[in-house]
**Student:** 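I have a structure here, written as structure tokens, and I will follow up with some questions on it.
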Amino acid sequence: MSAAILKKMPLEMFWPTFDPFLFCAFHNDNYPKANSEMGPDEALSNRPIGQDFSGIDGWRMYHGSKVPGFPAHPHRGFETVTIVNQGFVDHADSMGAAGRYGQGDTQWMTAGQGVQHSEMFPLLNEKDRNPVELFQVWLNLPSKNKMVPPHFTMLWNEDTPVLTEQDAKGFATKVKVIAGPISDVQPAPCPPNSWAAEEQNQVAIWLVDLAEQAEWTLPAGMAGLSRTLYFFEGDRVAIDEATVSVDQAFVLQSDVRVVLKNLGKAARFLMLQGRPINEHVEQHGPFVMNTRAELQQAFQDYQRTQFGGWPWPRHDQVHDKDKGRFAEQGASN
């Protein structure tokens, strides 16, 4: 194994993460054609509706009953970064914000002191299949920012910078820069209270695409960072001199450059990097705080205020089918 690889782990739906990251889910669903209500045009009677994570026929309803996705639920104390490679997500929240994003867009939401939101996956194509591929990454907030006002930022695909480099043989590698600069490419601004907003924290979220036979060097970062490379699509690659197969994660030494050489079909990676926050974490479901008392307070606050309530007609809110991609800010943005 390469000296730069400190640890390797298998990839399933929920990926291993390390401080300052809390969680990473990879949703990869090949939905059938849509019905008139933006749900799958197939019977749902064989599925555990409300808790459908089994992947029957290559897709899941998750917590949705008519439309796949995640109806209204609360968060406090961290951020969600939702990167949609294929398909669409309909967002609605307790601040009154709404949006539809996908096909390369990213939504970066600071839950802060508390927000409810829904994340539904509207199926818009009634004639053919509706593939959805997305990552949801949870990035922790330091104690000083746990109770900041909620905020969400859209990073539209066309505004998200991409680094393109060619190796000596002309094979290309593309790096989509969601957070953290690379070479001379700067990311779009992230939310102001994010751990990623402070340059010294060296947070990076990059999507790396290696063409067949391409070779690319992942540059060295600072020492002492969490740096994890997730190999989620392709066949085999060499990391330095170690040949590895797809569906694995690799914890890397952060201050060592790593040469990636593609040995099979086009390969794709997600890289998560950041300086650890190094604070005690108390987590229960959607609440992430520093102490048990703060966690109990989060539950009490939510029971009392519902984090502003739910202003939408449905808890599984979906927007007009023909609306296209959009974002409408709520009162706190």
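Position 1 is the first residue of the sequence, and the numbers go up from there.
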**Student:** For the OG atom of Ser194 and the NE2 atom of His151, what is their distance to the nearest 0.5 Å?
**Tutor:** 10.0 Å
**Student:** Write out all pairs satisfying ring pair (Phe, Tyr, Trp, His ring centres under 6.0 Å) with one or both partners inside residues 82-113, taking only residues at least two apart or from two chains.
**Tutor:** His91-His117, His91-Phe152
**Student:** Are His315 and Gln317 linked by a side-chain donor-acceptor pair shorter than 3.5 Å?
**Tutor:** no
**Student:** Any non-hydrogen side-chain atom of Pro68 less than 4.5 Å from a side-chain atom of Met120?
**Tutor:** no
**Student:** Other residues, nucleotides and ligands only: do more than 12 of their heavy atoms fall within 6.0 Å of CD on Glu199?
**Tutor:** no
**Student:** For residues 208-216, which side-chain N or O atoms pair as donor and acceptor with protein atoms under 3.5 Å away, sequence neighbours left out?
**Tutor:**
unit_1 : atom_1 : unit_2 : atom_2 : d
Asp209 : OD2    : Arg268 : NE     : 3.4
Trp216 : NE1    : Glu165 : OE1    : 2.8

**Student:** Is Arg129 atom CZ crowded by more than 12 heavy atoms from other residues, nucleotides or ligands, each under 6.0 Å away?
**Tutor:** yes
**Student:** Decide whether Gln107 and Glu119 meet the rule of one side-chain donor and one side-chain acceptor closer than 3.5 Å.
**Tutor:** no
**Student:** At their closest point, which heavy atom of Pro161 faces which heavy atom of Val185, and how far apart are they?
**Tutor:** CB-CG1, 3.5 Å
**Student:** Do the side chains of Val137 and Thr80 get nearer than 4.5 Å, heavy atoms only?
**Tutor:** no
**Student:** Is any side-chain heavy atom of Leu141 closer than 4.5 Å to a side-chain heavy atom of Pro20?
**Tutor:** no
**Student:** So Arg275 and Gln200, do their side chains get closer than 4.5 Å, heavy atoms only?
**Tutor:** yes
**Student:** If you round to the nearest 0.5 Å, how far is CZ of Phe21 from CD1 of Ile277?
**Tutor:** 9.5 Å
**Student:** If you measure only the distance, is there a donor-acceptor pair under 3.5 Å linking the side chains of Gln103 and Asp105?
**Tutor:** no
**Student:** Can you tell me how far apart CG (Leu270) and SG (Cys24) are? Round to the nearest 0.5 Å.
**Tutor:** 5.5 Å
**Student:** Give every donor-acceptor pair under 3.5 Å between a side-chain atom in residues 37-47 and any protein atom, sequence neighbours left out.
**Tutor:**
unit_1 : atom_1 : unit_2 : atom_2 : d
Arg47  : NH1    : Asp52  : OD2    : 2.9
Arg47  : NH1    : Trp59  : O      : 3.0
Arg47  : NH2    : Ile56  : O      : 2.7

**Student:** Determine the minimum heavy-atom distance between Gly77 and Ala111, stating which atoms define it.
**Tutor:** N-CB, 4.4 Å
**Student:** Who else is in Leu263's hydrophobic cluster (ILVMFWY, side-chain heavy atoms under 4.5 Å, direct or via others)?
**Tutor:** none
**Student:** Any idea which heavy atoms bring Asp93 and Met95 closest together, and the distance?
**Tutor:** OD1-N, 2.8 Å
**Student:** Go through Lys144 and Glu198 one step at a time and tell me if the salt bridge (Lys or Arg N to Asp or Glu O under 4.0 Å) criterion holds.
**Tutor:** CA-CA 13 Å; Lys144 66 178 183 177; Glu198 299 179 35; 3.1 Å; yes
**Student:** Is there a side-chain contact between Phe269 and Leu218, using heavy atoms and a 4.5 Å cut-off?
**Tutor:** no
**Student:** If Ile, Leu, Val, Met, Phe, Trp and Tyr residues are connected whenever their side-chain heavy atoms lie under 4.5 Å apart, and connections chain through other members, are Val203 and Leu252 in the same group?
**Tutor:** no
**Student:** I'd like to know if Lys261 pairs up with Asp240 as an ion pair, taking the criterion as any Lys NZ or Arg NE/NH1/NH2 lying under 4.0 Å from an Asp or Glu carboxylate oxygen.
**Tutor:** no
**Student:** Taking Ala72's backbone N and O only, do any of them form a donor-acceptor pair with Ser118's side chain (distance below 3.5 Å, no angle check)?
**Tutor:** no
**Student:** Using a strict threshold of under 4.0 Å (side-chain N to carboxylate O), is an ion pair present between Asp316 and Lys66?
**Tutor:** no
**Student:** Does a side-chain N-to-carboxylate-O contact under 4.0 Å join Lys33 and Glu126?
**Tutor:** no
**Student:** For a side-chain hydrogen bond (donor to acceptor under 3.5 Å, both in side chains) check, start with the C-alpha distance between His280 and Glu282, then their side-chain angles and the critical distance, and finish with the verdict.
**Tutor:** CA-CA 7 Å; His280 181 71; Glu282 288 283 351; 3.0 Å; yes
**Student:** If I compare all heavy atoms of Ser143 with all of Glu279, which pair ends up nearest, and what's the gap?
**Tutor:** N-OE1, 2.8 Å
**Student:** Taking all non-hydrogen atoms of both residues into account, name the closest pair between Ala197 and Pro191 and its distance.
**Tutor:** CB-O, 3.7 Å
**Student:** Do Lys323 and Glu328 sit within salt-bridge range, that is, some charged N less than 4.0 Å from a carboxylate O?
**Tutor:** yes
**Student:** Is there a chain of hydrophobic side chains (I, L, V, M, F, W, Y, each step under 4.5 Å between heavy atoms) that links Leu134 to Val81?
**Tutor:** no
**Student:** Roughly how far, to the nearest 0.5 Å, is the CG atom of Asn193 from the CG atom of Asn145?
**Tutor:** 4.5 Å
**Student:** Step by step, would you call Phe78 with Leu139 a side chain to side chain contact (heavy atoms under 4.5 Å, CB included)?
**Tutor:** CA-CA 6 Å; Phe78 65 99; Leu139 175 60; over 6 Å; no
**Student:** Is Pro150 close to Thr110 at the side-chain level, that is, under 4.5 Å between some pair of heavy atoms?
**Tutor:** no
**Student:** Rounded to the nearest 0.5 Å, how far does CD1 of Ile83 lie from CG of Leu155?
**Tutor:** 9.0 Å
**Student:** Would you indicate whether the side-chain heavy atoms of Val281 and Asn140 approach each other to under 4.5 Å?
**Tutor:** yes
**Student:** Is Trp312 isolated, or which residues cluster with it under the ILVMFWY side-chain rule of less than 4.5 Å, directly or via members?
**Tutor:** Trp310
**Student:** Restricting to non-hydrogen atoms, name the atom on Thr160 and the atom on Val177 that form the minimum distance, rounded to 0.1 Å.
**Tutor:** CG2-O, 3.5 Å
**Student:** Just checking Arg257: does its CZ atom have more than 12 heavy atoms from other residues, nucleotides or ligands closer to it than 6.0 angstrom?
**Tutor:** no
**Student:** Which pairs count as side chain to side chain donor-acceptor pair (under 3.5 Å) when at least one residue sits in residues 172-188, sequence neighbours excluded?
**Tutor:** Asn157-Lys176
**Student:** For Phe135, what residues pass the ring-ring contact (aromatic ring centres under 6.0 Å, His included) criterion, not counting sequence neighbours?
**Tutor:** Trp15, Phe26, Phe232
**Student:** Which residues pass the ring-ring contact (aromatic ring centres under 6.0 Å, His included) test with Phe70, not counting sequence neighbours?
**Tutor:** His27, Tyr62, His63
**Student:** Would you please name every residue forming a ring-ring contact (aromatic ring centres under 6.0 Å, His included) with Trp195, sequence neighbours left out?
**Tutor:** none
**Student:** Can you list the residues that meet the ring-ring contact (aromatic ring centres under 6.0 Å, His included) rule with Phe23, with sequence neighbours excluded?
**Tutor:** Phe14, Trp138
**Student:** Assess whether salt bridge (Lys or Arg N to Asp or Glu O under 4.0 Å) is satisfied between Asp29 and Arg60, documenting all intermediate values.
**Tutor:** CA-CA 7 Å; Asp29 294 280; Arg60 305 159 183 83; 2.8 Å; yes
**Student:** How does the hydrophobic cluster around Met222 look, that is, which other residues are in it when side-chain heavy atoms under 4.5 Å mark a link?
**Tutor:** Leu225
**Student:** As an exercise, state the distance from CG of Leu272 to CZ of Phe18, rounded to the nearest 0.5 Å.
**Tutor:** 10.5 Å
**Student:** Taking it one step at a time, do Gln113 and Lys146 satisfy side chain to side chain contact (heavy atoms under 4.5 Å, CB included)?
**Tutor:** CA-CA 6 Å; Gln113 65 192 17; Lys146 290 283 189 192; over 6 Å; no
**Student:** Apart from Met289 itself, what residues make up its hydrophobic cluster, given side-chain heavy atom links below 4.5 Å?
**Tutor:** Met147, Phe287, Leu295, Phe299, Tyr302, Phe307
**Student:** Between Val244, Thr228, Val258, which is the residue that forms a side-chain contact (heavy atoms from CB on, under 4.5 Å) with Phe250?
**Tutor:** Val244
**Student:** Taking the side chain as C-beta and beyond, is there a heavy-atom pair between Asn85 and Leu207 under 4.5 Å?
**Tutor:** yes
**Student:** Does a sphere of radius 6.0 Å around NE2 in His73 hold more than 12 heavy atoms from other residues, nucleotides or ligands, not counting ones at 6.0 Å or beyond?
**Tutor:** yes
